[in-house]
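Along the sequence shown, residues carry numbers from 1. Note that these values count all heavy atoms, side chains included, but never hydrogens, waters or copies made by symmetry.
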Amino acid sequence: QGQLVESGGGLVQAGGSLRLSCAASGRFFSIGIMSWYRQAPGKQRELVGSITRDGTTNYADSVKGRFTISRDNAKNTASLQMSNLKLEDTAVYYCNAVAAIRIIDRPESYWGQGTQVTVSA
């Protein structure tokens with residue numbers, strides 16, 4: 001069964017940068033759109049940005065110009081490059097992918113376990 005594994009979270013000072021990685025493991029037949037979400041304590045989970053298989057990206061206004069999403073279809077990986085980090089970027093970041101495990105399956109949504117990003121003053 002397919003799984004998403006995230007890595008790269010940690011503590012970073014405001015104004016700094018950090019790169020998160022998401023690796024899709026298992027026997028995925030295909031992976032469509034991949035997205036990054038985040039959830040801060042007491043807040044609802046929000047979409048940070050997404051990237052289609054052909055590389056088209058979309059970003060939340062709050063991160064536009066600071067965050068960059070990329071993916072490698074051959075490796076089934078996605079990255080979130082974060083720069084000029086702000087205190088309000090502190091959250092658990094989740095990778096999401098719409099994918100099918102088998103050719104006969106309808107594409108479904110898969111989530112990573114989340115990785116903590118903490119931005120300090």
Side-chain angles (χ1 to χ4, degrees):
Q1 189 171 332
Q3 294 181 351
L4 302 181
V5 180
E6 298 155 314
S7 62
L11 177 66
V12 63
Q13 197 167 18
S17 62
L18 198 66
R19 179 185 289 270
L20 306 182
S21 297
C22 173
S25 63
R27 301 275 291 180
F28 284 104
F29 169 73
S30 64
I31 301 177
I33 191 168
M34 300 186 74
S35 304
W36 286 95
Y37 289 78
R38 67 185 182 186
Q39 187 167 26
K43 304 292 180 63
Q44 65 180 346
R45 186 167 56 184
E46 64 176 350
L47 176 66
V48 175
S50 62
I51 182 168
T52 66
R53 189 170 179 83
D54 67 357
T56 301
T57 55
N58 190 41
Y59 300 95
D61 289 339
S62 59
V63 307
K64 191 174 299 181
R66 300 188 299 119
F67 291 10
T68 301
I69 296 175
S70 60
R71 68 186 289 172
D72 186 330
N73 292 331
K75 297 180 179 179
N76 285 340
T77 59
S79 297
L80 177 65
Q81 177 65 50
M82 304 180 291
S83 61
N84 192 24
L85 283 161
K86 304 175 180 180
L87 293 178
E88 52 264 40
D89 293 321
T90 295
V92 177
Y93 284 72
Y94 298 90
C95 179
N96 174 269
V98 176
I101 301 297
R102 306 167 65 194
I103 190 171
I104 63 173
D105 295 330
R106 175 181 177 179
E108 298 179 347
S109 180
Y110 294 84
W111 292 92
Q113 79 286 353
T115 185
Q116 177 71 48
V117 173
T118 302
V119 183
S120 63

Q. M82 and side chain to side chain contact (heavy atoms under 4.5 Å, CB included): which partner among V48, V12, D89, V117?
A. V117
(Q) Keeping N96 on the side-chain end and Y110 on the backbone end, is there a donor-acceptor pair under 3.5 Å? (A) yes
(Q) Assigning hydrophobic clusters by single linkage (Ile, Leu, Val, Met, Phe, Trp, Tyr; side-chain heavy-atom cutoff under 4.5 Å), is L47 placed with V92? (A) yes
**Q.** Non-hydrogen side-chain atoms of S70 and Q81 separated by less than 4.5 Å
**A.** no
Q: Would you name the heavy atoms of M34 and C22 that are closest together and state the gap between them?
A: CE-SG, 4.2 Å
Q.
Closer than 3.5 angstrom, by distance alone: can the side chain of Y37 be matched with the main-chain N or O of W111 as a donor-acceptor pair?
A. no
Q) Could you give the distance from OH (Y93) to CG (L80), rounded to the nearest 0.5 Å? A) 7.0 Å
Q. What heavy-atom pair brings R66 and N84 nearest, and what distance separates the two atoms?
A. NH1-O, 3.0 Å
Q: Measure the shortest side-chain to side-chain distance between F67 and L85 over non-hydrogen atoms and say whether it is less than 4.5 angstrom.
A: yes
(Q) Once rounded to the nearest 0.5 Å, what's the spacing between atom CD of Q13 and atom OG1 of T118? (A) 13.5 Å
Q. What distance do D105 atom CG and F29 atom CZ have between them, rounded to the nearest 0.5 Å?
A. 10.0 Å
(Q) Could you see if W36 belongs to whatever hydrophobic cluster contains V98? Use Ile, Leu, Val, Met, Phe, Trp, Tyr and a side-chain cutoff under 4.5 Å. (A) no
Q. Once you round to the nearest 0.5 Å, how far does OH of Y94 lie from OG1 of T115?
A. 10.0 Å
**Q.** Short side-chain to backbone donor-acceptor contact, T77 and A23, under 3.5 Å
**A.** no
Q. Which distance, rounded to the nearest 0.5 Å, do you find between the CG of L4 and the CD of Q113?
A. 8.5 Å
Q | side chain to side chain contact (heavy atoms under 4.5 Å, CB included) partner of R71, the single match among D54, T57, I51 | A | I51
**Q.** Least distance between heavy atoms, S25 atom then V5 atom
**A.** OG-CG2, 4.4 Å
Q. So which heavy atom on S83 is nearest to which on S17, and how close?
A. CA-CB, 3.9 Å
(Q) Contact between T90 and Q116 at the side-chain level, heavy atoms closer than 4.5 Å - yes or no? (A) yes
Q) Under the 3.5 angstrom rule, does the side chain of R53 hit a backbone N or O of I31 as a donor-acceptor pair? A) yes
Q. Got a sec: does the CD1 of I103 have more than 12 other heavy atoms crowding it under 6.0 Å?
A. no
Q.
Looking at every heavy atom in both E46 and R38, which two are closest together, and how far apart are they?
A. OE2-NE, 2.7 Å
Q | Closest non-hydrogen atom pair between L18 and G10, with its separation | A | CD2-N, 3.9 Å
Q: To the nearest 0.5 Å, tell me how far R102 CZ sits from S30 OG.
A: 13.5 Å
